[in-house]
Number of protein chains: 2
Amino acid sequence: MELNTRKKKILEVIIRDYINTAEPVGSRTLSKRCNLGISPATIRNEMADLEELGFLVQPHTSSGRIPTQQAYRYYVDEIMEIQKLEKMIRTDIHRGFLDHNTELGPTMSHTAQVLSQLTNYTAVVLAPRVTNFNCKHVQIVSLIKNRVLMVVVTQEGMAKNIEVTLSQEVDTMLALKLSNVINGFLKNTILSEMSSDLIDQIQELSAAESKLIHEIIPHLKKALMEDASEVHSTGLTNLFNYPEFSDVNKIKQLINIVQEKQVLSEMMTSKDGNQVIRIKIGSENDNENLKDFSIITSTYELDGEMMGAFGVIGPTRMNYDNVSSVLNYIRNELNLHISNLLMK
Amino acid sequence: MELNTRKKKILEVIIRDYINTAEPVGSRTLSKRCNLGISPATIRNEMADLEELGFLVQPHTSSGRIPTQQAYRYYVDEIMEIQKLEKMIRTDIHRGFLDHNTELGPTMSHTAQVLSQLTNYTAVVLAPRVTNFNCKHVQIVSLIKNRVLMVVVTQEGMAKNIEVTLSQEVDTMLALKLSNVINGFLKNTILSEMSSDLIDQIQELSAAESKLIHEIIPHLKKALMEDASEVHSTGLTNLFNYPEFSDVNKIKQLINIVQEKQVLSEMMTSKDGNQVIRIKIGSENDNENLKDFSIITSTYELDGEMMGAFGVIGPTRMNYDNVSSVLNYIRNELNLHISNLLMK
DNA sequence: ATTAGCACTCACAATAATAGAGTGCTAACA
DNA sequence: TGTTAGCACTCTATTATTGTGAGTGCTAAT
């Protein structure tokens, strides 16, 4: 769908105005506020056209108009350009990361903090997922009686805990031995491809030990499969300040979204085109609870491999420009710091 | 403060009614609803007295009356009696726990689930804190270059991860050696009392190794000190259904409470008398955000030692009877299952 | 001591009136 | 032919007005 230059300009101004004020935009105020050099009557005509094309709606006859989701989509695709953040803000963010880049956890929660603060929306950050990375080392630690803790360490230096109860008692020495056996296998295998058949080939294992290993492997695989990476969210209450969220039901939806970490995680990591910044507007979201929201996400990488995702949830009347700029910059910062953190 | 029998009875009925309906209670409806055998006029007189004594207030002249915090306090201390839960509910809960008692994490989140479901308020459960327990074992796992993961295991079989960056590279072998050294010390020491002076007495350590140990010990201590145990919360949206929470500001307060896990944790674990069920009503809470809420908490134990806490957050107009009964029973269940889980 | 009766109060709901911002349409204009 | 001024009309939001009902306090009778 192509719009002529003037329609495009008018649509842009309307959207900008509505994003700022949350009030339906009328022709008169519009012509006053931004001097486009055309009269309200002309604007009215154009607006009527835009309404017919599906870009605008009137909440009721004889009120101003508000943008439809289609309008936001058009704005995002055809009008908006991602700006570079101001120099001052950039250095602020950069410094902030330098102060928090000692450990992975703090880096993640700091990212969420910064995101929600810069955008005034709700921020979500997914920590790196351990699954699918090359497993460097598995350490089995005896907890008590027949309960053990398995610590899986990836090539990149990330760790994940898995706690399981086995059929037999495991003391410190046995735990060490089991670790060694499993690590022997792991030298060159991606964990998710590991087969427990190989175990039977080992000679020096007693029947009991072999049985334990057979128990352990599926636990490892299963736990890594369903590995929902940590989800950090901040600024939940930011959204409460926007008039569209004075409705308690919307707030419920929001809370449900943020609490369903599994869903959130899948949604944010699912590939979808090659865009660096992914924008989902209102009903473009599959998740029922997100139909009234927009969500803008991006991902961070290590060696070209996607490590995790982060993004912002807000009203469909969202400041798409600003959020995109922020995500864009944060993405670079994250890529930088994560690689420092894990590979240094 | 002592009230005569009739005043006590009337106060009780008013509180019960208000808890159910959230509407100011008037003399006429009261005398109709519960046949106390006295006329509205008499009730009016008694109510006027109760108001003078600080137990009731009128939202406006010529409306019914609602209980004050003082009234709830009196009700909780002098009127209410903790009932045993119905047999059917008890067995339901018990079975539920049996289905979720394989690991600590699931048990905790299941507890939160059950609590919020049975009470219709917001539930909070603190997982056991590792601090102050006897440390059985520390395993140091090499992550990458100079980053290591320390896994601390307590006598009771709980584990905690601590990730740190050291000044030197640590490989798998060195990690094992460091573990052994530290475990040598730990045999009979509570970790928080461990001194790094002892390290210098060991002969077989190289200067580099000794230096590493000196770096590690403070990290261990610090991490365990500030150990905010995991906080599980559920049923945040339960409260939205009560009329007192149609106000967005109250919701903000609630979310702030639940998100300040550190504060919540300290508040719930701080000792305060010897009560099994601890009830804090409105402004009795120190935390500013909790001034409009009531919170009822209890603790669970292992060998007489407090392991963690759990409780329910709701409006001051809370069903104190029911919540107390539920907490009381859950407490027993938790004590039972935790000991099975950790000691079996 | 209790209660019936009565005048009074106040929040809340329903109704009506008014103002204001916006629209669509028509006719005049460049 | 595109643009604009003018005008009648529409609809919401605000304010004022009124009635209703549940409740109270007080007084006098039981």
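Only this structure's heavy atoms are used, side chains among them; waters, hydrogens and symmetry mates stay out. Order of the sequence lines sets the chain letters (A, B, ...), proteins ahead of strands, with each chain counted from 1.
Regarding I38(A), its CD1 atom lies at a distance of 15 Å from the C1' atom of dA5(D), rounded to whole Å. Rounding to whole angstrom units, CG of residue D49(B) and P of dA1(C) are separated by 12 Å. As a whole-Å value, the separation of K7(B) NZ from dA1(C) C1' is 12 Å. In this structure, I66(B) places its CD1 atom 14 Å from P of dG23(D), rounding to the nearest Å. In this structure, I10(B) places its CD1 atom 13 Å from C1' of dA1(C), rounding to the nearest Å.
For the pairing with S27(A), the side-chain hydrogen bond (donor to acceptor under 3.5 Å, both in side chains) check across R44(A), E46(A), K32(A) returns one residue only, R44(A).
Annotation: side chain of I281(B) is in contact with side chain of I279(B) (closest heavy-atom distance under 4.5 Å).
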- request: Scan nucleotides 19-30 of chain C nucleotide by nucleotide, 5' to 3', and note B when protein non-hydrogen atoms come under 4.0 Å of the base, S if they reach only the sugar-phosphate, - if neither.
  value: ---BBBB-----

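At dT4(D), one or more side-chain N or O atoms of S39(A) fall inside 4.0 Å of OP1 or OP2 (strictly under the cut-off).
Within the cation-pi definition used here (under 6.0 Å to the ring centroid, within 45° of the axis), K252(A) does not qualify as a partner of F240(B).
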Could you list all N or O pairs between the protein and nucleotides 27-30 of chain D that sit under 3.5 Å apart?
none

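In summary, E78(B) and K8(B) do not engage in a salt bridge, as defined by a charged side-chain N under 4.0 Å from a carboxylate O. Taking 4.0 Å as the cut-off between side-chain N and carboxylate O, R16(B) and E12(B) count as a salt-bridged pair.
Y72(B) has its ring centre no less than 6.0 Å from the ring centre of Y18(B).
Contacts of K291(A) classified as salt bridge (charged side-chain N to carboxylate O under 4.0 Å, His left out), with partners at least two apart in sequence or in another chain: none.
At a cut-off of 3.5 Å, with distance as the only test, a side-chain donor of Y75(B) or D321(B) sits close to an acceptor on the other residue.
Each of H60(B) and P40(B) has a nearest nucleotide on DNA chain C; the 5'-most of these lies closest to P40(B).
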